[in-house]
Protein chains: 2
Amino acid sequence: MRSYHEYCAVAKALDVVGERWTLLIVRELLTRGACRYTDLRAGLPGIATNLLATRLRELEETGVIEREEAPPPVATTLFRLTPRGQALRPVLDALAGWGVPLMREAGDEDAFRAQWLAFPVRTFLSDKSPGEPPVTIGVRADGEAAVIEAGGGTVTIRTGEPGDPDASLDGPPQVVMAVLSGRLSPEDAGAKGLRWAGSRAVLDRVLPSGQAVAMADLAPDHGGEDR
Amino acid sequence: MRSYHEYCAVAKALDVVGERWTLLIVRELLTRGACRYTDLRAGLPGIATNLLATRLRELEETGVIEREEAPPPVATTLFRLTPRGQALRPVLDALAGWGVPLMREAGDEDAFRAQWLAFPVRTFLSDKSPGEPPVTIGVRADGEAAVIEAGGGTVTIRTGEPGDPDASLDGPPQVVMAVLSGRLSPEDAGAKGLRWAGSRAVLDRVLPSGQAVAMADLAPDHGGEDR
DNA sequence: CCGGATCCGGGTTGATACTG
DNA sequence: CAGTATCAACCCGGATCCGG
């Protein structure tokens, strides 16, 4: 493991989690919980398998993750974050917040996984009607499915198919992102490929206000053609 | 510039600032303000000069920094963060917070620069007597000098020699860090090489309480021999 | 001195194949 | 399923050189 050899808190942190792929492995374990080797590979398209093995070994040595050998019925290895690893959440949150403005451009060959919506959802969505009964919103993009659950003042997201959602969104990842971040209303997004169904009130309950989208002026410069 | 090709906020952020040295360049510009090429090299011991040039060009292209050609009297190039680059501060803060527990071990050949104290100071120090007149504390470690200024409820740090400080700390970087983070009292640090002078009350005004040092249980495991 | 550019050796990464 | 083995390509670090 290469080190910067600097007595600096930032450099010391980057010595441990600054190498390529490392923070994305942490992202997967934060958003999906304990994972098998194969699950991690699926969530990290493009990673070489030997590199994943090397990173997992390093992360184990530095106390960020631990591996658990599941007993015979399942007979598989699970990787999970230690408390020290979970303490990286603020780092991922900050990076995701800074990265959101970069998601306006698509990148033709960008892969997409439903669990990657977790950070934007944490940042942008809130339950504005904590008193009312909980609701679920199905989200679908690029064949990936997730369920947003709002109730009691909190909003969570998990991957998978919704049972019987109160509302649903379906469209290209960038358009779904634009709606979840409040940059586009569901109506305006219709022209860009979004299909939505169910209760509009349920969407209003969790989506950002639409107006107060901060950070816009800190975004990299754009023509603003899709406003 | 290599990309992960993932439509994920974290991955997009790391596409821009995830390469080696990049976030440390941002650290230098955040803690020292606009810098010359040579200043940056001094604050990034070990960086290859071609790599610094490459990173600066990439950061300029991505809108994180901008270069300013100073007019003839100085006739030099200054690199400074754009607002978009300054928006990386929460990322650096989070990384520094996570990295502080790693600073208990020294690393024999670790370089040290006074400006690297800035993040721990922001995290740990506070002005507990906002009403009283401002005070200054001189800090010296490894030949590097900095001045902590507390007053009006805020604590700042800058590099350089103090004029006539109300208190001063001098010792090995790890011991100074232990005192600034509240892990050691100035008295206990004496046995480890700290020399301090001036008003103890001034130190108490800004140093952490000594007891409530959080994060200790999230630190990588240690014998705890220096408690 | 300042702000790089160029060259080279070695280490890291990425793609593929293979294995218990 | 959970990796290891191999190898080419690329990136990084160190040294040197060079135009203002």
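Note that the coordinates shown come from a computational prediction; the quantities given were computed from them, not determined experimentally. Labels below follow one simple rule: chain letters A, B, ... track the order of the sequence lines, proteins then strands, and each chain is numbered from 1.
Between the side chain of B/Thr77 and the base of C/dG3, no donor-acceptor pair of N or O atoms lies under 3.5 Å. Between the base of C/dT13 and the side chain of A/Asn50 there is no donor-acceptor pair shorter than 3.5 Å.
Whole-Å rounding puts the A/Ile25 CD1 to D/dG3 P distance at 12 Å. Distance B/Ile47 CD1 to D/dG14 P: 11 Å, rounded to the nearest Å. At whole-Å resolution of the value, CZ in A/Phe79 and P in D/dC1 are 13 Å apart. One atom, CG of A/Leu51, and another, C1' of C/dA17, lie 17 Å apart when rounded to the nearest Å. Nucleotide C/dG3 holds its P atom 14 Å from the CG atom of B/Leu44, rounded to whole Å. Atom pair A/His5:NE2 and D/dG13:P shows a separation of 11 Å (rounding to whole Å applied). Residue A/Glu69 contributes atom CD, which lies 8 Å from atom P of D/dG3 at whole-angstrom precision. In this structure, CD of B/Glu19 is placed 11 Å from C1' of D/dC12, rounded to the nearest angstrom.
For D/dG13, one of the phosphate oxygens OP1 or OP2 lies less than 4.0 angstrom from a side-chain nitrogen or oxygen of B/Arg20. Taking only side-chain nitrogens and oxygens, A/Arg2 never comes nearer than 4.0 Å to OP1 or OP2 of D/dC11. A sub-4.0 Å separation between OP1 or OP2 of D/dG3 and a side-chain N or O of A/Arg41 is absent. Using a 4.0 Å cut-off, some side-chain N or O of B/Arg36 falls inside it from OP1 or OP2 of C/dC2.
B/Thr22 OG1 to B/Leu51 CG: the interatomic distance, rounded to the nearest 0.5 Å, is 8.0 Å. Between atom CG of residue B/Leu102 and atom SG of residue A/Cys8 there is a gap of 11.0 Å, rounded to the nearest 0.5 Å.
Between D/dG13, C/dG4, C/dA15, one nucleotide has an atom nearer to the side chain of B/Arg67 than all others, and that is C/dG4. When distances run from any side-chain atom of A/Thr49 to the nucleotides C/dG4, D/dT4, C/dC2, the shortest one goes to D/dT4. Which of D/dC12, C/dA5, D/dT4 sits closest to the side chain of A/Arg57 comes down to D/dT4. Among the nucleotides D/dG13, C/dG3, D/dG3, the one closest to any side-chain atom of B/Tyr37 is C/dG3.
For the pair A/Leu56 and B/Arg55, both in contact range of DNA chain D, the more 5′-proximal nearest nucleotide belongs to A/Leu56. Residue order along DNA chain D, read from the 5' end via each residue's closest nucleotide, puts A/Leu78 first among B/Ala48 and A/Leu78.
The heavy-atom pair separating B/Glu144 from B/Ala114 by the smallest distance is OE1-N, 2.9 Å.
Here ring pair (Phe, Tyr, Trp, His ring centres under 6.0 Å) pairs that include residues 5-33 of chain A, with residues two or more places apart or in two chains, are A/Trp21-B/Tyr4.
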Go through the steps for A/Glu66 and A/Thr82 under the test side-chain hydrogen bond (donor to acceptor under 3.5 Å, both in side chains), then give the verdict.
-> CA-CA 6 Å; A/Glu66 57 194 0; A/Thr82 63; over 6 Å; no
